[in-house]
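Accompanying notes for the structure given below.
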Amino acid sequence: MDHFLYRNGSLHAEDVPLSEIAASVGTPFYCYSSATLTRHYRLFKDALDPLPNMVCFAIKSLSNVAVLKLLGDLGAGMDVVSAGEYLRARAAGVPGDRIVFSGVGKTREEMRIALEGGIRQFNIESEPEMRALSEVATALGATAPITIRVNPDVDARTHEKIATGKSENKFGIPIARAREVYAEAARLPGLRIVGIDVHIGSQLVELEPFEQAYKKVAALTETLRADGHTISRLDLGGGLGIPYTRSNEAPPLPVEYGALIKRTLGHLGCEIEIEPGRLISGNSGVLVSKVIYVKNGEGRDFLILDAAMNDLVRPAMYSAHHDIIAVTEPGPAAPTQAFDVVGPVCETGDTFAKARELPLVVEGDLVAFRSAGAYGAVMANEYNSRPLVPEVLVRDDHFAVIRPRPSYDDMIKRDIVPDWL
Ligand SMILES: *Cc1c(COP(=O)(O)O)cnc(C)c1O
């Protein structure tokens, strides 16, 4: 469920008509619903209670500081994969002891920033990384809390670019080598083992791969404890999928996911950490765009929008589907037409949908891409010198621009012409 609904014939974000935001901000823009973000966070929280737990929002899915503050104020932890994300979380007022640091290539500089600023734990992904952290922490006279990310070799059955839990993926250490690597971690100075980490992929639409992975983590917990390690936290990653179409998809609900966690790991007495991104942010956001032209071609008609692949890259990058709807509600018997929906960027890849049945729209009409909150704005760029897409946050009947659109001047002024030219 989300809070983007038609009211009085017009698509609203909560109590605000999207057409009103478009008139004030211009198009394209991302719009997020506070109520939906809050609701999705609470679904996870409720699903894990009363187990000791921390729901750490995966910042990489949507990293605007205003969104992080909203979730942080609800008590959410944060999962970061770079020093930039770490500093965003801190800027949003999230204390270091609620931030976990994931990612396969943390640099020494990033480790230092997090150690000095305060961190709940580092999720270690390799032995060289573990040794580097030991050195950095020792040099600072600090102790770094760590989990080690194990790769359980399960098939997440999702898009190949976002599957991470097979042995051929670059993530984590093979679970078969876990004992050896934990033994080395225990010997290294400056490190304190606190638990185990696993994350098998994104947009998972069934629970079975999670179940396989979590059973392996449960067994590993017992083994590592028998070896004398303290395993008090289990970080289970993110990855629960969302429905991208209204019709036929029904991925598992957070409550079912929570029940699975309790069933497979609840007996171990560990604090459970999860790192959901997409399920919190995905359906909390839409991308609103205007029709520039309707172009009739040979056997196909094109809807040319003012949003492009630089604003929302998922269709071009992952062949992802986004529902596209008209902001003005079509009548129940309104005719539809098949359109290829495209942006203005000079690449054939700049295609959002092919032969999509849409209500008849004309130049100047607004459309909304649903489910665009996750991996939307964060992947946007200025390709074709299109100024970075702005972001808006709605709460009840008011909205705020939480990242403005740069002016052409702002965009161009960032380049520096050397004085020898
Ligand atoms: C991407 C990622 C997540 C979030 O995945 P979602 O599918 O958005 O829930 C969580 N943890 C790690 C380590 C990740 O790489």
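Remember, it's 1-based here, ligands and their atoms both numbered in the order they're listed. Just so you know, residue 1 is the first one in the sequence shown, and it goes up from there.
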Should you measure from each heavy atom of [X], which atoms of ligand 1 turn up under 4.0 Å away?
{"X": "S202", "answer": "5 (O), 6 (P), 7 (O), 8 (O)"}
{"X": "P276", "answer": "9 (O)"}
{"X": "R278", "answer": "6 (P), 8 (O), 9 (O)"}
{"X": "Y375", "answer": "1 (C), 4 (C), 5 (O), 6 (P), 8 (O)"}
{"X": "E275", "answer": "3 (C), 4 (C), 9 (O), 10 (C), 11 (N), 12 (C), 13 (C)"}

Does any N or O atom in V81 lie less than 3.5 angstrom from one in ligand 1, N or O only?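 There is no such contact.
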
Sub-3.5 Å N/O-N/O distance, A58 and ligand 1: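 There is no such contact.
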
Just so I know, are the side chains of L268 and E222 near enough to count as touching, which here means a heavy-atom distance under 4.5 Å?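 Result yes, sub-4.5 Å side-chain heavy-atom pair found.
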
Determine, stepwise, if the pair L37 / I280 fulfils side chain to side chain contact (heavy atoms under 4.5 Å, CB included). CA-CA 6 Å; L37 288 162; I280 292 180; 4.2 Å; yes

Can a donor-acceptor pair be found between the side chains of S102 and D79 at a distance below 3.5 Å?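 Looking only at side-chain atoms, D79 and S102 do form a donor-acceptor pair, the distance falling under 3.5 Å.
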
Does ligand 1 have a heavy atom under 4.0 Å from the side chain of D79, from its backbone, from both, or from neither?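 It is the side chain that touches ligand 1; the backbone stays farther off.
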
Ligand 1 versus H199: contacting region, heavy-atom distance under 4.0 Å: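 For H199, only side-chain atoms sit under 4.0 Å from ligand 1.
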
For atom 15 (O) of ligand 1, find the nearest protein heavy atom and state the residue, atom name and distance (0.1 Å precision).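 Result for atom 15 (O) of ligand 1: K60 NZ, 2.7 Å.
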
With sequence neighbours excluded, tell me which residues meet side-chain hydrogen bond (donor to acceptor under 3.5 Å, both in side chains) with Y375.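 With neighbours one apart ignored, the set is empty.
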
Residue K45 excluded, over 12 heavy atoms near NZ under 6.0 Å: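 Yes, NZ of K45 has more than 12 neighbouring heavy atoms, counting only those of other groups under 6.0 Å.
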
Flag yes if more than 12 heavy atoms outside K262 fall under 6.0 Å of its NZ atom; otherwise flag no.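 Yes, because the 6.0 Å sphere around NZ of K262 holds more than 12 heavy atoms from other groups.
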
Strictly by side chain to side chain donor-acceptor pair (under 3.5 Å), give each pair with a member in residues 20-29 just once, sequence neighbours left out.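 Listed by first then second residue: T27-D306.
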
